[in-house]
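Notes follow once the structure below has been shown.
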Amino acid sequence: MKGLGKYISSDYVAASNALAGRKACRKVMVYVESYDDVFFWRSILSRVETAGLRFVVTLPTRDKKLERGKKAALMSALKDNVGRDMIACVDADYDWLRQGAGEYSKTLLGNPYVFHTYAYSIENLQCWAPSLHDVCVMVTLNDSPDIVDFEAFLASYSVVVYPLFVWSVLCSRNYAYGKFDISSFMTVIKTGSIAKHALDKTLERVGEKVAVRLRRFAATASNKAKQAYAALDSELKRMGVLPEETYLYIQGHQLFNEVVAPLVSSVCSDLIRRRENEIQAQSKHNTQRNNEMSCYERSLESVTSMLKKNTGYLRSPQVARILSDLRRYVDLTQNKTTKTGQ
């Protein structure tokens, strides 16, 4: 058989559940894009499980071989097969922002068994600004009140790039408004090297690049495009896409790898030095110092690992929307189960 959709579907999983008996806990298969997605979606799905419903998060398989990859491949394989007992959880990318412009956007918005992040990707939510202080503490075991204000920086960065972000979304919805794809947008808003002592310069540098590109749009865009831009700006804000949170809707890998992880690493390096200096100053003799230093070093964690394990996003408005969608699905499918059983 060729194609995942040929032999696995919600009906197949439902039949498997039926074999377990009416009193058995119903299992719902949840297909995600990659290994990193498994923990992310488990952390969310576990909050809507009930005594009679259990989610099983996994990567799809074909011919007993593991399948993983882009959201497009997953949705192509599963879009006609998801249902009451099999769902898909994916990154929104720009498809939620496109609001039906394109095949995958229509599936994302129209299929009640496909759930998405309400941010570009899981990486954006792992980088949710209010959680980054806690990540630093997780890495260094040093809770200092004067480390970088991550929320203020990412809000400022977001406000700087937002006007160009609107153009990127507009062009992704309708190519007639200009050739400015996501890659082009991300190239413009690259921060370059980033460190906690030079964040103002980083913002200035990005702002200058954004201004250059905005002037080009101002000079070349048609009046129709400019009117569409103004309308989209208002629409995005009604959708809850706020200028100060633009970082949640840009390409997640670049945000994670080139902005947040380097900045968190810079902060953590400073916190580690402070703790080591404290150990050095407070130790009464070399043996105590070496023991304390060794104990502390063994307790340190990787910045990348802690960001990926960061669950602070569970407090975010985006996850609140995901949970609302999931609870609606759970209520609907449980009601159907009850009626069918009666």
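For the atom pair CD (Glu204) and NZ (Lys201), the distance works out to 8.5 Å, reported to the nearest 0.5 Å. Here the straight-line distance linking atom CD1 of Ile87 with atom OG1 of Thr333 works out to 9.0 Å at 0.5 Å rounding. The distance from atom OH of Tyr177 to atom NZ of Lys224, rounded to the nearest 0.5 Å, is 5.0 Å. Here CZ of Arg54 is found 9.5 Å from OG of Ser46. Values are rounded to the nearest 0.5 Å. The structure places CZ of Phe39 at 10.0 Å from CD1 of Ile44, a figure rounded to the nearest 0.5 Å. Here the CG-SG distance, from Leu232 to Cys171, works out to 10.0 Å after rounding to the nearest 0.5 Å.
Looking only at side-chain heavy atoms (C-beta outward), Tyr31 and Thr58 come within less than 4.5 Å of each other. By the 4.5 Å heavy-atom criterion applied to side chains, Arg315 and Trp128 are counted as neighbours. Contact annotation: the side chain of Thr246 never approaches that of Val159 to less than 4.5 Å [non-hydrogen atoms, C-beta and beyond]. Side-chain contact between Leu164 and Phe217 is present, with heavy atoms from C-beta onward closer than 4.5 Å. Here the side chains of Ile250 and Tyr120 are not in contact, with every heavy-atom distance at 4.5 Å or above. The side-chain heavy atoms of Trp96 and Val241, taken from C-beta on, include a pair separated by under 4.5 Å. In this structure the side chain of His133 reaches within 4.5 angstrom of the side chain of Asp143, judged on heavy atoms. In this structure, the side chains of Ser43 and Leu314 come closer than 4.5 Å at one or more pairs of heavy atoms.
A donor-acceptor contact shorter than 3.5 Å is absent between the side chain of Ser305 and the backbone of Ser302. Distance alone, capped at 3.5 Å, places no donor-acceptor pair between the Asn310 side chain and the Val135 backbone. Between the Ser158 side chain and the Leu154 main chain, a donor and an acceptor come within less than 3.5 Å of each other. Looking only at distances, a side-chain donor or acceptor of Ser168 sits under 3.5 Å from a matching main-chain atom of Phe165. At least one donor-acceptor pair under 3.5 Å links the side chain of Ser269 to the backbone N or O of Ser265. Asn111 places no side-chain N or O within donor-acceptor distance of the main-chain N or O of Thr107, the cut-off being under 3.5 Å.
A salt bridge between Lys237 and Asp233 is present, with a side-chain N of the basic residue lying under 4.0 Å from a carboxylate O of the acidic one. A salt bridge links Arg328 with Asp325: the distance from a Lys NZ or Arg NE/NH1/NH2 to an Asp or Glu carboxylate oxygen falls below 4.0 Å. Using a cut-off of 4.0 Å between Lys/Arg side-chain N and Asp/Glu carboxylate O, Arg42 and Glu49 are scored as salt-bridged.
Partner of Cys136 under the side chain to side chain contact (heavy atoms under 4.5 Å, CB included) criterion, out of Asn142, Val267, Leu141: Val267 alone.
The ring of Tyr329 has its center closer than 6.0 angstrom to the ring center of Phe115.
Minimum heavy-atom separation, Glu33 to Asp91: OE2-N, 2.7 Å. When all heavy atoms of Gly252 and Ser121 are compared, the closest pair comes out as CA-OG, 3.4 Å. Shown here for Cys268 and Val303, the closest heavy-atom pair between the two residues is SG-CG2, 4.2 Å. Residues Gly83 and Tyr113 share a closest heavy-atom pair of O-CD2, 3.2 Å. Cys127 approaches Tyr247 most closely through the heavy-atom pair O-CE1, 3.6 Å. When all heavy atoms of Ala225 and Leu170 are compared, the closest pair comes out as O-CD2, 3.7 Å.
Leu132 and Val137 fall into different hydrophobic clusters, where Ile, Leu, Val, Met, Phe, Trp and Tyr residues are linked whenever their side-chain heavy atoms come under 4.5 Å apart, directly or through other members. With hydrophobic clusters built from ILVMFWY side chains whose heavy atoms lie under 4.5 angstrom apart, Phe150 does not share a cluster with Leu242. One hydrophobic cluster, built from ILVMFWY side chains closer than 4.5 Å, holds both Val56 and Val28. Hydrophobic clustering of Ile, Leu, Val, Met, Phe, Trp and Tyr side chains at less than 4.5 Å, counting indirect connections, keeps Tyr175 apart from Leu97. Transitive grouping of hydrophobic side chains (ILVMFWY, heavy atoms separated by less than 4.5 Å) brings Val169 and Tyr229 into a common cluster.
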Dump the intermediate steps for side-chain contact (heavy atoms from CB on, under 4.5 Å) on Arg98 and Tyr104, then the final yes or no. CA-CA 10 Å; Arg98 289 189 179 111; Tyr104 296 124; over 6 Å; no

Would you check, one step at a time, whether the test ring-ring contact (aromatic ring centres under 6.0 Å, His included) holds for Tyr313 with Phe40? CA-CA 10 Å; Tyr313 52 75; Phe40 174 86; 4.8 Å; yes

Can you list the steps and then say if Val330 with Phe55 is a side-chain contact (heavy atoms from CB on, under 4.5 Å)? CA-CA 11 Å; Val330 169; Phe55 292 103; 4.1 Å; yes

Residue pair Arg47, Val319: steps toward the side-chain contact (heavy atoms from CB on, under 4.5 Å) verdict: CA-CA 11 Å; Arg47 280 153 177 75; Val319 169; over 6 Å; no

Verify side-chain contact (heavy atoms from CB on, under 4.5 Å) between Thr117 and Asn124, making sure each step is shown before the conclusion. CA-CA 9 Å; Thr117 50; Asn124 300 75; over 6 Å; no

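No side-chain donor from either of Thr140 and Arg275 sits under 3.5 Å from a side-chain acceptor of the other. A donor atom on one side chain and an acceptor atom on the other are not found under 3.5 Å apart for Asp93 and His116. Ser316 and Tyr118 form no side-chain donor-acceptor contact under 3.5 Å, judged by distance and modelled atom types alone.
Under the rule for a salt bridge (charged side-chain N to carboxylate O under 4.0 Å, His left out), Glu301 has no partner lying at least two apart in sequence or in another chain. Partners of Lys226 under the salt bridge (charged side-chain N to carboxylate O under 4.0 Å, His left out) rule, at least two apart in sequence or in another chain, do not exist in this structure.
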Could you pull out all donor-acceptor pairs under 3.5 Å where a side-chain atom in residues 179-192 meets a protein atom, sequence neighbours excluded?
{"unit_1": "Asp181", "atom_1": "OD1", "unit_2": "Ser183", "atom_2": "N", "d": "3.3"}
{"unit_1": "Asp181", "atom_1": "OD1", "unit_2": "Ser184", "atom_2": "N", "d": "2.8"}
{"unit_1": "Asp181", "atom_1": "OD1", "unit_2": "Ser184", "atom_2": "OG", "d": "2.7"}
{"unit_1": "Thr187", "atom_1": "OG1", "unit_2": "Ser183", "atom_2": "O", "d": "2.9"}
{"unit_1": "Lys190", "atom_1": "NZ", "unit_2": "Glu258", "atom_2": "OE1", "d": "3.0"}
{"unit_1": "Lys190", "atom_1": "NZ", "unit_2": "Glu258", "atom_2": "OE2", "d": "3.2"}
{"unit_1": "Thr191", "atom_1": "OG1", "unit_2": "Glu258", "atom_2": "O", "d": "3.4"}

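Under a cut-off of 6.0 angstrom, the local environment of NZ in Lys209 is crowded, with over 12 non-hydrogen atoms contributed by other residues, nucleotides or ligands.
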